[in-house]
Amino acid sequence: MNRPAQADFAVLGGGLCGRLVAWRLAGEGYRVALYERGDAAGSQAAAWVAAAMLAPLAEAASAELLITRLGASSLETWPQVLAELPEPVFFQRNGTLVVWHHADRTEAPLFERRVRSNAPAELLDGGFVTLAGAQLGAAEPALAGRFNQGWLLPHEGQLDNRQVLAALAAGLAQRGVDTHWNTPVDDHALPPARVTIDC
């Protein structure tokens with residue numbers, strides 16, 4: 001198939017979001033070029049050290065409703081995304097366990113109030129379970145006897161952030177994305193493309 005030399009989309013930034021955007025666009029048949037100032041491993045991306053927790057309910061303590069809803073949608077979407085990637089990525093939905101030290105006990109009710117007031121009702125329904133004593137040890141044996149109270153947010157999840165960066169890099173190659181690793185882009189000299197997406 002003859003394609004124009006110019007990319008349909010230039011994606012600037014090859015962290016988690018940039019890789020996802022480029023991979024999705026290429027999956028829709030677009031010609032995509034991705035530019036990342038760091039390496040293919042993603043060692044300079046924020047997702048290298050973050051993005052493993054998929055915890056929209058816990059984040060409701062400080063996030064606005066839109067962010068919480070987007071997080072809940074993301075949590076539901078990840079299994080579909082991971083099933084399409086060419087390499088396996090660890091993913092689980094065993095929940096989030098929230099505990100606090102005695103010195104922080106006054107913060108716990110504030111956290112609970114914020115979550116309950118900010119979270120969508122569908123996330124709270126069966127998603128906020130109070131634990132005490134032996135229940136905490138049963139939920140997480142490594143914490144047995146160390147904390148008196150906590151909450152289990154059973155519907156939340158985790159994934160391996162570094163594995164997903166690697167799997168997306170493999171997915172980009174599989175879908176023919178023109179990747180430019182270790183390539184910073186100057187704001188005044190954008191690469192040629194019909195559309196540029198800054199990630």
Side-chain angles (χ1 to χ4, degrees), residues 7 9-28 30 32-99 111 114-115 118-120 123 153 155-175 177-191 193 195-199:
F9 292 91
V11 178
L12 311 183
L16 180 60
C17 288
R19 289 173 197 225
L20 274 168
V21 167
W23 179 72
R24 283 285 197 197
L25 288 169
E28 294 294 320
Y30 294 105
V32 182
L34 178 124
Y35 298 83
E36 165 56 34
R37 67 179 165 204
D39 56 23
S43 63
Q44 293 181 12
W48 186 257
V49 294
M53 288 181 60
L54 305 172
L57 187 55
E59 290 173 351
S62 59
E64 60 189 74
L65 183 60
L66 173 62
I67 299 301
T68 303
R69 287 194 186 282
L70 288 171
S73 177
S74 171
L75 185 55
E76 297 301 325
T77 303
W78 270 114
Q80 300 158 18
V81 170
L82 299 178
E84 294 178 41
L85 290 174
E87 294 180 3
V89 175
F90 170 80
F91 172 83
Q92 68 179 5
R93 286 193 74 175
N94 291 348
T96 298
L97 184 60
V98 179
V99 297
F111 174 86
R114 285 181 178 163
V115 167
N118 293 345
L123 283 182
L153 315 181
H155 305 308
E156 298 194 323
Q158 302 82 33
L159 57 75
D160 187 309
N161 47 322
R162 295 182 184 183
Q163 281 182 354
V164 79
L165 287 169
L168 282 166
L172 294 171
Q174 184 183 62
R175 290 186 173 178
V177 173
D178 184 14
T179 53
H180 301 268
W181 306 114
N182 301 300
T183 306
V185 173
D186 184 343
D187 291 342
H188 304 292
L190 295 176
V195 177
T196 300
I197 301 173
D198 187 351
C199 291

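If you read the sequence from its start, that first residue is 1, and numbering goes on from there.
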J.: For Glu84, enumerate each residue passing the side-chain contact (heavy atoms from CB on, under 4.5 Å) test, keeping only those at least two apart in sequence or located in another chain.
T.: Trp23, Arg24, Arg175

J.: Donor-acceptor pair, distance only, cut-off 3.5 Å: does the side chain of Ser74 make one with the backbone of Ala72?
T.: no

J.: Nearest 0.5 Å please: distance from the CG atom of Leu12 over to the CZ atom of Arg37.
T.: 11.0 Å

J.: To check you understand the geometry: which heavy-atom pair defines the closest contact between Pro86 and Gly171, and what is its length?
T.: CG-N, 3.5 Å

J.: Are the side chain of Arg19 and the backbone N or O of Leu165 linked by a donor-acceptor pair below 3.5 Å?
T.: yes

J.: Quick one: closest heavy-atom pair of Val185 and Pro191, and the distance?
T.: CG1-CD, 3.7 Å

J.: Once rounded to the nearest 0.5 Å, what's the spacing between atom CG of Leu190 and atom OG1 of Thr196?
T.: 5.0 Å

J.: With a 4.5 Å heavy-atom cut-off, do Arg93 and Leu75 have their side chains touching?
T.: yes

J.: Compare all side-chain heavy atoms of Val164 with those of Asp160 and state whether any distance is below 4.5 angstrom.
T.: no

J.: Which pair of non-hydrogen atoms, one from Val21 and one from Cys199, has the smallest distance, and what is that distance?
T.: CG2-SG, 4.3 Å

J.: Rounded to the nearest 0.5 Å, what separates atom CG in Leu85 from atom CD in Gln163?
T.: 11.0 Å

J.: For the residue pair Gly18 and Val11, what are the closest heavy atoms and their distance?
T.: O-CG1, 3.6 Å

J.: Check whether any side-chain heavy atom of Leu34 sits under 4.5 Å from a side-chain heavy atom of Trp181, and report yes or no.
T.: yes

J.: Under a 4.5 Å cut-off applied to non-hydrogen side-chain atoms, are His155 and Glu76 in contact?
T.: no

J.: List the atom pairs, donor and acceptor, that lie under 3.5 Å between side-chain atoms in residues 61-68 and the rest of the protein, sequence neighbours left out.
T.:
{"unit_1": "Thr68", "atom_1": "OG1", "unit_2": "Glu64", "atom_2": "O", "d": "3.3"}

J.: Compare every heavy atom of Glu36 with every heavy atom of Gly15, then report the nearest pair and how far apart it is.
T.: N-OE1, 3.8 Å

J.: Could you report the tightest heavy-atom contact between Gly42 and Trp48, atom names first, then the distance?
T.: O-CB, 3.4 Å

J.: Could you check Ile197 against Leu25 for side-chain contact (heavy atoms from CB on, under 4.5 Å), going step by step and ending with a plain yes or no?
T.: CA-CA 11 Å; Ile197 301 173; Leu25 288 169; 3.9 Å; yes

J.: When you compare the side chain of Val89 with that of Trp78, does any pair of heavy atoms fall below 4.5 Å?
T.: no

J.: Any idea how His180 and Tyr35 line up, ring-wise: parallel (<30°), tilted (30 to 60°), or perpendicular (>60°)?
T.: parallel

J.: To the nearest 0.5 angstrom, please state how far the CG atom of Leu159 sits from the CG atom of Leu16.
T.: 8.0 Å

J.: Side chains of Val32 and Leu172: closer than 4.5 Å at any heavy-atom pair?
T.: no

J.: Would you say that Met53 contacts Glu156 through its side chain, given a criterion of any heavy-atom pair below 4.5 Å between the two side chains?
T.: no

